[in-house]
Number of protein chains: 2
Amino acid sequence: MTASINDVARAAGVSASTVSRALRGRPGVSDEVRDQIKAVAAQLGYTASRSASSLASGRTFTIGVLVPYVGRWFFGTVLDAAEQVFSAAGYDVLLYNLGSPETRKRFFTRLPVRKRVDAVLTLLIPEEEESAALRSLGVPLATTVGGARPGFTVVGIDDRAGTENAVRHLVNLGHRRIGMISGSSGPLHWTTPIDRRNAYLDVLADAGIAHDPALEADGDYTVEGGERAMTELLAVSRPPTAVFAQSDEMAMGALRALRRHRLRVPEDVSVIGFDDHELADVVGLTTVAQPVADQGAEAARLLLRQLDELGAEPPGQVRMPIRLVLRETTAPPSPRGPQ
Amino acid sequence: MTASINDVARAAGVSASTVSRALRGRPGVSDEVRDQIKAVAAQLGYTASRSASSLASGRTFTIGVLVPYVGRWFFGTVLDAAEQVFSAAGYDVLLYNLGSPETRKRFFTRLPVRKRVDAVLTLLIPEEEESAALRSLGVPLATTVGGARPGFTVVGIDDRAGTENAVRHLVNLGHRRIGMISGSSGPLHWTTPIDRRNAYLDVLADAGIAHDPALEADGDYTVEGGERAMTELLAVSRPPTAVFAQSDEMAMGALRALRRHRLRVPEDVSVIGFDDHELADVVGLTTVAQPVADQGAEAARLLLRQLDELGAEPPGQVRMPIRLVLRETTAPPSPRGPQ
DNA sequence: CTGTTAGCGCATTCAT
DNA sequence: ATGAATGCGCTAACAG
């Protein structure tokens with residue numbers, strides 16, 4: 001039914017080897033014959049079977065991409081950009097959505113990407129054994145999340161610097177009671193929340209502000225979590241006049257909580273986020289912008305480079321720039337404080 | 001380096017066929033031997049090469065998913081849900097991000113999924129020739145977007161009913177000048193904007209409201225487009241007191257435009273969206289909710305069913321329920337009108 | 001229940 | 001520049 005290389009060979013009056021060479025642009029075929037073969041192949045609608053060619057050559061021209069939640073803006077955006085780079089280079093993308101613990105566990109025990117991909121880009125932070133499993137694949141590895149890890153090319157941002165920008169902005173506005181909504185859960189090796197927390201503590205210390213543990217709440221990196229966390233922060237005896245959320249989604253949850261409590265932003269409470277979510281602008285959220293799509297594209301490019309120059313050293317760690325985006329959710333504290 | 005079926009066979013003291021049968025749970029192997037083989041395979045870290053097995057069996061256990069923009073909430077959410085269903089059934093997902101015209105064209109001319117997938121789920125609306133190209137693959141086809149199309153299982157919602165809900169809500173609140181922000185561009189076969197527009201016109205007619213073409217603007221299904229469209233609507237001589245946006249993202253753009261024009265929502269202008277975006281709640285957007293993830297999951301299930309019962313008829317069209325979600329961006333028109 | 005024999009469709013030597 | 005042979009790792013049909 002669907003044409004094979006032999007059909008093309010027969011129709012063109014040449015051997016299968018010549019067809020293979022001609023279609024893949026390899027040398028050793030006269031231009032005349034090559035054009036002939038191309039014409040015949042096009043007419044027959046021939047495409048080489050990926051299964052057969054990767055079985056024969058050992059290369060799959062496929063990249064595995066591991067994602068915790070495709071539906072979340074951050075991951076979707078990274079994936080989108082990475083896919084474009086891969087497909088432009090002739091690679092297909094195999095997507096693994098590993099949000100639930102069961103799916104994730106199954107993936108790492110069965111490792112379905114084995115012998116299926118030429119490289120892996122992971123947007124989730126592998127635990128130690130998971131990293132080892134990925135390394136055992138023997139293919140180039142990259143990630144856009146988490147800190148440096150042996151065997152991985154990591155494209156990221158300076159979380160400390162980003163956080164310092166955010167918290168200092170609040171300090172400079174005159175805030176002294178500055179809360180933080182973090183995403184503390186997650187794998188142990190996820191250094192992001194830790195780095196951001198440390199930077200937060202440092203800025204407070206620098207400003208001579210005593211740290212109050214009651215001003216920290218966990219928002220689980222979701223809108224709902226951010227809302228819960230903000231609600232908690234409002235319940236403490238002296239609520240914060242400003243809040244730094246470790247992600248825009250949590251910041252938006254915080255905005256919702258504040259609205260429900262009939263508090264005005266930024267008059268009663270200032271809020272600053274992290275990411276520059278596509279909708280941050282819609283709600284006027286002040287935030288630390290990171291180049292999300294660029295990180296995905298860059299990670300993809302670095303992976304492709306390793307595939308091209310097979311002996312090449314993995315590039316290690318790459319930092320992308322961040323910047324503070326001032327909008328309308330931050331202002332000096334009101335003289336009377338919240339409420 | 002990596003173990004092959006023969007390594008397992010040798011280590012277990014059986015033939016390769018027995019290993020193949022044992023590991024795939026096929027009958028004709030004693031429990032004793034099967035357990036033995038499983039143990040050996042696990043110990044050797046053996047996984048069957050997908051290339052080899054699909055070459056031999058003709059099945060790829062892979063589904064191709066075509067997406068216009070992975071980064072957009074709607075598509076990301078559908079993809080997320082569909083992937084979970086596929087992977088739970090043991091299928092891998094090959095992702096094709098076909099947002100740009102060049103990528104899209106290249107995809108449909110080269111058809112890289114040929115011989116690579118057992119089925120295709122498309123989240124973009126194929127043009128007529130594109131549909132034909134997909135049908136030529138000879139595999140089950142499904143989509144969650146657009147109207148009925150021969151050869152495709154389509155899982156969707158009742159766009160007309162959803163729109164009627166939205167516009168009637170505005171009419172019932174007392175609005176007479178009701179604008180619409182649509183997404184008119186896109187492929188000819190995309191009936192969604194057309195269905196929604198027709199429903200909008202019908203409700204107006206039913207309510208005895210004359211249709212004013214100046215009250216329609218194109219928002220391109222993006223936040224920015226929605227903002228531009230709203231700005232246009234505000235510039236007409238008698239601006240609308242209420243606006244129906246064909247997507248939440250355009251509605252959010254409209255909210256931003258209104259904020260920039262210092263108009264209050266809903267006091268000055270009411271806004272209603274469509275989708276129930278995950279952040280619609282954050283901005284208090286009244287909208288028509290559609291079960292986005294469910295549509296992806298259902299389409300995936302229907303595809304798998306066709307794969308199981310090979311002779312089975314494609315299910316045709318499936319409608320999922322919609323419902324109006326009342327929040328805070330709609331209210332009766334102010335007596336004095338906008339401004 | 002198990003082993004043997006053939007391919008699946010291509011890429012890659014090695015000849016010529 | 002081209003063709004013939006070989007094998008990638010597996011599944012399926014056929015024996016026994």
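Because the structure is predicted, anything quoted here is derived from the model rather than measured. In what follows, every chain begins at residue 1, and chains take the letters A, B, ... in the order their sequences are listed.
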Using distance only, find each side-chain donor-acceptor pair of residues 5-15 of chain B under 3.5 Å and give its atom names and separation, not counting sequence neighbours.
| residue | atom | partner | partner atom | Å |
| --- | --- | --- | --- | --- |
| Asp7(B) | OD2 | Ser4(B) | N | 2.8 |
| Ser15(B) | OG | Thr18(B) | N | 3.4 |
| Ser15(B) | OG | Thr18(B) | OG1 | 3.2 |

For nucleotides 12-16 of chain D, tabulate all protein N/O to nucleotide N/O atom pairs closer than 3.5 Å, reporting atom names and distance.
| residue | atom | partner | partner atom | Å |
| --- | --- | --- | --- | --- |
| dA12(D) | OP2 | Arg24(B) | NH1 | 3.4 |
| dA12(D) | OP2 | Arg24(B) | NH2 | 3.4 |
| dA12(D) | N6 | Ser17(B) | OG | 3.3 |

- Sequence neighbours excluded, which residues qualify as ring-ring contact (aromatic ring centres under 6.0 Å, His included) partners of Phe61(A)? Tyr91(A)
- Item | Rounded interatomic separation in angstrom, taking CZ from Arg50(B) and P from dC10(D) | 12 Å
Determine all donor-acceptor pairs shorter than 3.5 Å in which one atom belongs to a side chain in residues 140-148 of chain A; sequence neighbours excluded.
| residue | atom | partner | partner atom | Å |
| --- | --- | --- | --- | --- |
| Thr143(A) | OG1 | Thr122(A) | O | 2.7 |
| Thr143(A) | OG1 | Val145(A) | N | 3.1 |
| Thr143(A) | OG1 | Val145(A) | O | 3.3 |

- Task: To the nearest Å, give me how far apart CD1 (Ile37(A)) and P (dA1(D)) are.
- Result: 13 Å
- Which residue lies toward the 5' end of DNA chain C, Val14(B) or Thr47(A), if each is placed at its nearest nucleotide? Val14(B)
- Item | Sequence-distant partners of Asn97(B), side-chain hydrogen bond (donor to acceptor under 3.5 Å, both in side chains), two or more places apart | none
- Query: Can you check whether Ser30(A) has a side-chain N or O nearer than 4.0 Å to OP1 or OP2 of dT2(D)?
  - Reply: yes
- Message: Using C1' atoms of five pairs at each end, report the bend of the helix from dC1(C)-dG16(D) to dT16(C)-dA1(D) rounded to 10 degrees.
- Response: 30°
- Item | Ion pair Arg135(B)/Glu128(B), N-O distance below 4.0 Å | yes
- Round to a whole Å and report the spacing from CZ of Arg10(B) to P of dT4(C). 13 Å
- Mind checking side-chain hydrogen bond (donor to acceptor under 3.5 Å, both in side chains) for Thr103(B) and listing every partner two or more places apart, or none if nothing turns up? Ser100(B)
- Query: Are any of Lys115(A)'s side-chain N or O atoms less than 4.0 Å away from OP1 or OP2 of dC8(D)?
  - Reply: no
- Under the ring-ring contact (aromatic ring centres under 6.0 Å, His included) test, residues paired with Tyr96(A) that sit two or more places apart: Phe107(A)
- What's the CG-C1' distance between Asp7(A) and dG9(C), to the nearest Å? 11 Å
- Please report, rounded to the nearest Å, how far the C1' atom of dC8(D) is from the CG atom of Leu55(B). 9 Å
- Item | Residues Glu298(B), Arg301(B): salt bridge by 4.0 Å N-O rule | yes
- Separation of Leu23(A) atom CG from dA11(C) atom P, in whole Å? 9 Å
- Query: Under 4.0 Å between a side-chain N or O of Thr18(B) and OP1 or OP2 of dG3(C)?
  - Reply: yes
- Whole angstrom value for the distance that separates P of dG7(C) from CG of Asn6(A): 13 Å
- Item | Pairs touching residues 66-87 of chain A that satisfy ring pair (Phe, Tyr, Trp, His ring centres under 6.0 Å), sequence neighbours left out | Trp73(A)-His277(A)
- Nearest nucleotide by nearest heavy atom, which residue falls closer to the 5' end of DNA chain C, Val33(B) or Ile5(A)? Val33(B)
- Considering just the side-chain nitrogens and oxygens of Ser49(B), establish if one lies under 4.0 Å of OP1 or OP2 belonging to dG9(D). no
